[in-house]
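Working notes, structure below.
Residue numbering restarts at 1 for every chain, and letters A, B, ... go by the order of the sequence lines.
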Amino acid sequence: MLDPRTLAERRDEVAASVRRRGMTADVDSAVAAYQEAARLRTAVGEVNRLRNEHQKSGSRKLAPAEREAHADEGRRLKDDVVRLEAELAAAEDRLHATLRLLPNLLHPDVPDGGEDDARELRRWGEPRRFDFPPLDHVELGRRLDLLDFEAGTRVAGPKFYFLKHEAVLLDLALQRLALELLRGEGFELVTTPDLAKAEIVDSLGYNPRGPETQIYSIADSDLCLIGTAEIPLGGLFAGETLEEAVLPVKLAGLSHCFRTEAGSYGRESKGLYRVHQFSKVEMFVATRPEDSDAMHEQLLALEERYFQALELPYRVLDIAAGDLGAPAYRKFDLEAWMPGRGDGGSYGEVTSASNCTDYQARRLDARFRRAGAKRSEHLHLLNGTAVATSRALIAVLENHQRADGGIAVPEVLVPFTGIDRIDPR
RNA sequence: GGAGAGGUGGCCGAGCGGUCGAAGGCAGCGGUCUUGAAAACCGCCAGGCGCGAAAGCGUCUCGAGGGUUCGAAUCCCUCCCUCUCCGCCA
């Protein structure tokens, strides 16, 4: 949610953000709704003041006739308050309804365009030249008995899967490596609930319901399966006011993630790439406003370190305006090289890091207070994937496959897997 | 699931329907004293919103929502949550 007070001041910037993101929200009606609500807030305050004065005057002894007149006047003032408060509540509802349709502002460097217009910032590593025909992870998983999609479909439906044998070790090792990296960088390790209230989901800017939702809801409750640990980690800050001295707060959250993938069945969805459930270690950070851009770069750097450690070539994208979620001010994606993807390999998204500035914090009412300051301010919240194990697994299996059909386990994972290779069966 | 108790400021804990955003204590902050510290003493100390350069002024908030009343932390109703005991259980 944007700050309504600065909405009017930065009206053109907000309108530009809406346009560049390809949205159709009405900025001017939001401004008008804010002004109307502000007017009524002032009016309610004024009539409340009159009523309070009147009540104070009634605390002394009054003659019966006086008391009667006093009570009449009191009832009249009460009617005024009730009426104006109802008007204010309606105006605030309208304000909220228009405001929630507006996306965050945009970082000045965000490229124009949509999905295909991301700016490539850099590449790391050379896609490997195979001296044998490389297999994709689905085929590797089948031959090595690491992945069972048929069983997943039988038990839970399409896009569910069983990990088997060494894939289980790899999955856990990828998580452990991420936790170890982040622990060394001062992140607090947490595991989160895998469910969250719809209200929390909504506060983070995700749509918990509706035909196009990516979020599963639990029947007969207001709970949802989380699509990312960003949701419970953001919820952790709801209603909190932190001391400036504790910032930045850096969390590394481990959770399962669930996505309906509604409307995505036509897209690249082979094997583990687009599944309904996976595990993820998520970085979530709360900073002062002036620190969030630098922290965003740091989150990206950590993601790069992780994939470098796994010896996986990747490229870094600065995502274009039309491909950003509403809360994101700017987003970087890492795409790892996947030899089995498309025809002859291609880069596929493995992580992303977003700076959501104060957009989520305002809805969550997540604040901090500067040392000595009277009033608090909203935090800036950022999130980034350390590892989503399903997609990282694709990259590991496909990039580190061997001529004999086995897999070489990246050296950094060996302490966690206890094995250094997966041999053909 | 059954029985009981309770929700007040960072914490503990008072609060005859008006003088209560709220005693007292602890913690915290500032000061006096001290070589330094402790102790003692003095002062400050909930938050949101609005107006204001600021000082400040106004308003709202005592789990949430409704009701009674000229006036509710206080009385009534509904809901939520927490704790204790019992049962079940990884």
Problem - Side chains of E85(A) and N48(A) in contact at under 4.5 Å (non-hydrogen atoms) - result: yes
Fill in the blank from the handout: Between CD of E85(A) and P of rG50(B) the distance, given in whole Å, is 17 Å
Handout entry: Whole-angstrom distance between rC11(B) and rC83(B), as gauged at atom P
Key = 16 Å
Completion exercise
Picking from rC70(B), rG48(B), rG50(B), the nucleotide nearest the side-chain atoms of R75(A) would be rC70(B)
Practice task
May I ask you to check whether E185(A) and Q298(A) show a side-chain donor-acceptor distance below 3.5 Å?
Solution key: no
Exercise for the section: Could you state the atom-to-atom distance from NZ of K78(A) to P of rC70(B) in whole Å? Expected result: 8 Å
Exercise for the section: Using a 4.5 Å cut-off on heavy atoms from C-beta on, say whether the side chain of L397(A) contacts that of L170(A). Expected result: yes
Practice task
Considering only NZ, NE, NH1 and NH2 on the basic side and carboxylate oxygens on the acidic side, decide whether D112(A) and R19(A) come within less than 4.0 Å.
Solution key: no
Exercise for the section: With the side chain of H54(A) defined as its heavy atoms from C-beta on, choose the nearest nucleotide among rC70(B), rG71(B), rG50(B). Expected result: rC70(B)
For nucleotides 26-31 of chain B, which of its nitrogen or oxygen atoms have a protein nitrogen or oxygen under 3.5 Å away, and what is each distance?
none

Exercise for the section: Once you apply the 3.5 Å cut-off to both distances, tell me the Watson-Crick or G-U wobble partner of rG4(B), or none. Expected result: rC83(B)
Handout entry: Contact list for RNA chain B against residues 91-99 of chain A - heavy-atom distance below 4.0 Å
Key = none
Handout entry: Short side-chain N/O contact from N52(A) to OP1 or OP2 of rC60(B), under 4.0 Å
Key = yes
Exercise for the section: Take the protein atom CZ of R39(A) and the nucleotide atom C1' of rU59(B), then report the distance between them rounded to whole Å. Expected result: 17 Å
Problem - Straight-line distance of F278(A) CZ to S255(A) OG, nearest 0.5 Å - result: 8.0 Å
Completion exercise
Against the side chain of R369(A), the closest entry in rG48(B), rG50(B), rU69(B) is rG48(B)
Handout entry: Position toward the 5' end of RNA chain B (nearest nucleotide), E46(A) or S376(A)
Key = S376(A)
Handout entry: Side-chain (D117(A)) to main-chain (G114(A)) donor-acceptor, under 3.5 angstrom
Key = yes
Exercise for the section: Using atom CZ of F368(A) as one end and atom P of rG47(B) as the other, report the distance to the nearest whole Å. Expected result: 15 Å
Handout entry: T351(A) OG1 to Y314(A) OH distance, which is reported to the nearest 0.5 Å
Key = 9.5 Å
Exercise for the section: State which of rU69(B), rG47(B), rG50(B) makes the closest approach to the side chain of R5(A). Expected result: rG50(B)
Problem - Distance below 4.0 Å between N48(A) side-chain N/O and rC60(B) OP1 or OP2 - result: yes
Handout entry: Residue-phosphate contact under 4.0 Å: R51(A) side-chain N/O, rU59(B) OP1/OP2
Key = no
Practice task
Fit a plane to each ring of Y216(A) and H276(A), take the angle between them on a 0 to 90° scale, and name the class: parallel (under 30°), tilted (30 to 60°) or perpendicular (over 60°).
Solution key: perpendicular
Exercise for the section: Spell out, as yes or no, whether a donor-acceptor pair under 3.5 Å connects the side chain of D318(A) to the backbone of P111(A). Expected result: no
Problem - R367(A) side-chain N/O to rC49(B) phosphate OP1/OP2 under 4.0 Å - result: yes
Completion exercise
From the list N383(A), L382(A), T385(A), side chain to side chain contact (heavy atoms under 4.5 Å, CB included) with L299(A) holds only for L382(A)
Exercise for the section: Report yes if at least one side-chain N or O of T42(A) is closer than 4.0 Å to OP1 or OP2 of rC51(B); otherwise report no. Expected result: no
Exercise for the section: Specify the separation, in whole Å, of atom CG of L40(A) and atom P of rC49(B). Expected result: 19 Å
